[in-house]
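Data first, discussion second: the structure below is written as structure tokens.
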Amino acid sequence: MRAPIALVDCNNFYASCERVFRPRLHGLPVVVLSNNDGCVIARSQEAIDLGITMGMPAHHIPPETRRHGLELCSSNYELYGDMSARVLATLHTFTPLVEPYSIDESWLGFEGFDTSTLAAHCHDLRHTVHRWTGLPVSVGIAPTRTLAKLANRHAKKHPGTGGVFMLEGVHHPETQALLARTPVGDIWGIGGRVAVRLQALGIDTALALAQAQPSWLRQQFSVVLERTARELCGINCIEMNDAPDSRKMIMTSRSFGKVTSNRRDIEEAVRAHASNSALRLRAQRSLAGAVMVMLRTNPHMRHLSQDHTRITLPLPWPTDNTFDIVRTAQNALARLWKPQRIVYQKCGVQLMDLVDIDGQQLDVFQTPQSNDERQRSDHLMATLDQLNARFGRHTVTVGMQRSDADWQLRCAYRSNRWTTRWDELPGARLT
DNA sequence: TCTGGGGTCCTAGGACCC
DNA sequence: TCTGGGGTCCTAGGACCC
């Protein structure tokens, strides 16, 4: 087969991260909750076995699971992000072609590798990642990404594989058998809606989808499904891209710790989200052309009046300046604000029309910013970022942003940020 | 009391133009 | 009776992913 693709995926990533520095959690059911301790977003195998499902609201977790030693964790993205970077660094020692896909998954390319020893190479990779980071991973190897996803699931499900599974050629009986066993809804790229429609047409396994006429799939569904079907046949439709493009939009949104109709609180949250989006914008060296502010009530509280509203305002010129972005976001909020008392649950600030900082182009209607202004702004932002990096994220903020306000997230069960904070480093006792 | 956040891509349909 | 047609751009919404 042509140069295969591997998918490396950390097993139960967030739950596994929680265990690395707290060995007593091994063997216990561990659950990681979303922001605001809202719902379940990760589970250890023991928690899965207790029937705790993905997305289950925290207050629906059956109380009897506590008897089994259930450990609840608030999400600790600082820890997960750092652990993810360690895994990535390890992967780079095994192949130059590494394309991060999500916080816990990467695609690996093996151009020029000897395929007869590739599986052994990946077993070595798996052991090394575990030794260097403490995290268990699974590896699926196949001619296309869609097949690598299937191979990875197989590796994870069957301990006999030792955590690494390489799909032989597409026409190999073993591959055909795997496709025949895979429900169509378990294929990467096929969600609930499309799965139901496919099943109604009698296509209920990966094998049936692979055997369907691509042009018919395109006509009945979309080019996306057509590509998926081709990938199942071993035809690569998604090229490797190890230099990921920068983001096309940047969004920061959070639920409030407590629902609120207090305008001052919401203004404060909007300032914080706008500042955070601007920081991420500078990190990827882009400028934004517009700001969108979104405000939403709690859709689960049907007895209260509902409001889901947003507005987009242009920035005076493409900018990464926190002050300009915060000011525009505040103006947007003022325009959105309704005089009736509405209880809001969430707000967000999205930066749009992003352009590369080095290749920016002005719109005919935009006021150019003088070089002088531009330099002053760059200098100010660099100083702001340095202070916040050195002394903590909230050292210098635009307007008031209290860290203990009601709108701030709840996170009652957060573990230490073991690897990124001096005052939270793990300790060892010598006996 | 209590139900996440951040992305991408595709498509349909409206506005507008000639 | 009978009211063009085709291209492009933009936006909103759907679907999916982790």
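Throughout, protein chains are lettered first and strands after them, A, B, ... in sequence-line order, and every chain is numbered starting at 1.
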Tell me what Ile190(A) touches on the nucleic acid: a base, only sugar-phosphate, or nothing, going by heavy atoms under 4.0 Å. sugar-phosphate

Options dA15(C), dG13(C), dC10(B), nucleotide nearest the side-chain atoms of Val194(A): dA15(C)

Within the structure shown, what part of the strands sits under 4.0 Å from Met249(A) by heavy-atom distance: base, sugar-phosphate, or nothing? base

Quick check for you: to the nearest 0.5 Å, what is the distance between Leu232(A) atom CG and Arg230(A) atom CZ? 12.0 Å

With heavy atoms under 4.0 Å as the rule, sort Ser75(A) into base, sugar-phosphate or nothing. nothing

With respect to the side chain of Ser253(A), which nucleotide from dC18(C), dG6(B), dA12(C) is positioned closest? dG6(B)

Closest to the Pro57(A) side chain, choosing from dC18(C), dT3(B), dG5(B): dT3(B)

If you look at every strand shown and take non-hydrogen atoms under 4.0 Å, does Arg218(A) touch a base, only sugar-phosphate, or nothing? nothing

His59(A) side-chain proximity, nearest of dG13(C), dC18(C), dC2(B): dC2(B)

For atom C1', what is the distance between dC16(B) and dG4(C), given to the nearest Å? 15 Å

Checking all strands, does Ile250(A) fall into the base, sugar-phosphate, or nothing category for heavy-atom contacts under 4.0 angstrom? sugar-phosphate

Quick note, Val224(A) side chain, CB onward, closest among dG5(B), dC10(B), dC2(B) is dC10(B)

Does OP1 or OP2 of dT3(B) have a side-chain N or O of Lys346(A) closer than 4.0 Å? no

With the side chain of Tyr77(A) defined as its heavy atoms from C-beta on, choose the nearest nucleotide among dG4(B), dT8(B), dT11(B). dG4(B)

When Asp356(A), Asp320(A), Asp358(A) are each screened for salt bridge (charged side-chain N to carboxylate O under 4.0 Å, His left out) with Arg285(A), the one that passes is Asp358(A)

Base, sugar-phosphate, or nothing: which does Asn36(A) touch, judged by heavy atoms less than 4.0 Å apart? nothing

N/O (side chain, Arg296(A)) to phosphate O (OP1/OP2, dT3(B)) under 4.0 Å: no

Can you see if the side chain of Arg410(A) gets near the phosphate of dT1(B) - specifically, an N or O under 4.0 Å from OP1 or OP2? no

Does Arg414(A) pair with Glu78(A) as a salt bridge, N-O distance under 4.0 Å? no

If you check the Lys149(A) side chain, which of dT8(B), dG6(B), dC18(C) turns out closest? dC18(C)

Does Ser255(A) make a side-chain N or O approach to OP1 or OP2 of dT3(B) shorter than 4.0 Å? no

Taking the six-membered ring for Trp, are Tyr101(A) and Trp188(A) parallel (under 30°), tilted (30 to 60°) or perpendicular (over 60°)? perpendicular

Please step through side chain to side chain donor-acceptor pair (under 3.5 Å) for the pair Arg282(A) and Thr322(A), ending with a clear verdict. CA-CA 10 Å; Arg282(A) 291 192 290 277; Thr322(A) 296; 2.8 Å; yes

Within this structure, what is the OH-to-C1' distance between Tyr101(A) and dC18(C), rounded to whole angstrom? 7 Å

Measuring from the side chain of Lys248(A) (C-beta onward, heavy atoms only), which nucleotide among dG5(B), dC9(B), dC17(C) has the closest atom? dC9(B)

Pairing partner (Watson-Crick or G-U wobble, both distances under 3.5 angstrom) of dT8(B): dA15(C)

At under 4.0 Å between heavy atoms, what does Asp104(A) touch on the DNA or RNA strands: base, sugar-phosphate, or nothing? sugar-phosphate

By the 4.0 Å heavy-atom rule, please label Ile238(A) as base, sugar-phosphate, or nothing. nothing

Could you tell me whether Gly55(A) contacts a base, only the sugar-phosphate backbone, or nothing, with contacts defined as non-hydrogen atoms closer than 4.0 Å? nothing

Starting at the 5' end of DNA chain B and moving along, which residue's nearest nucleotide shows up first, Ala58(A) or Val223(A)? Ala58(A)

Have a look at Met294(A) and say if it touches a base, only the backbone sugar-phosphate, or nothing, with a 4.0 Å heavy-atom cut-off. nothing

At under 4.0 Å between heavy atoms, what does Gln345(A) touch on the DNA or RNA strands: base, sugar-phosphate, or nothing? sugar-phosphate

Side chain of Met301(A): nearest nucleotide among dG4(B), dC18(C), dC2(B)? dC2(B)

Are Asp124(A) and Arg131(A) ion-paired here, with the side-chain N under 4.0 Å from a carboxylate O? no

Look at Asp82(A) together with Arg417(A) and state whether they make a salt bridge at an N to O cut-off of under 4.0 Å. no

Side chain of Asn298(A) only, heavy atoms from C-beta on: which candidate in dG6(B), dT3(B), dG4(B) is closest? dT3(B)

Which part of the nucleic acid does Arg227(A) contact within heavy-atom distance under 4.0 Å: base, sugar-phosphate only, or nothing? sugar-phosphate

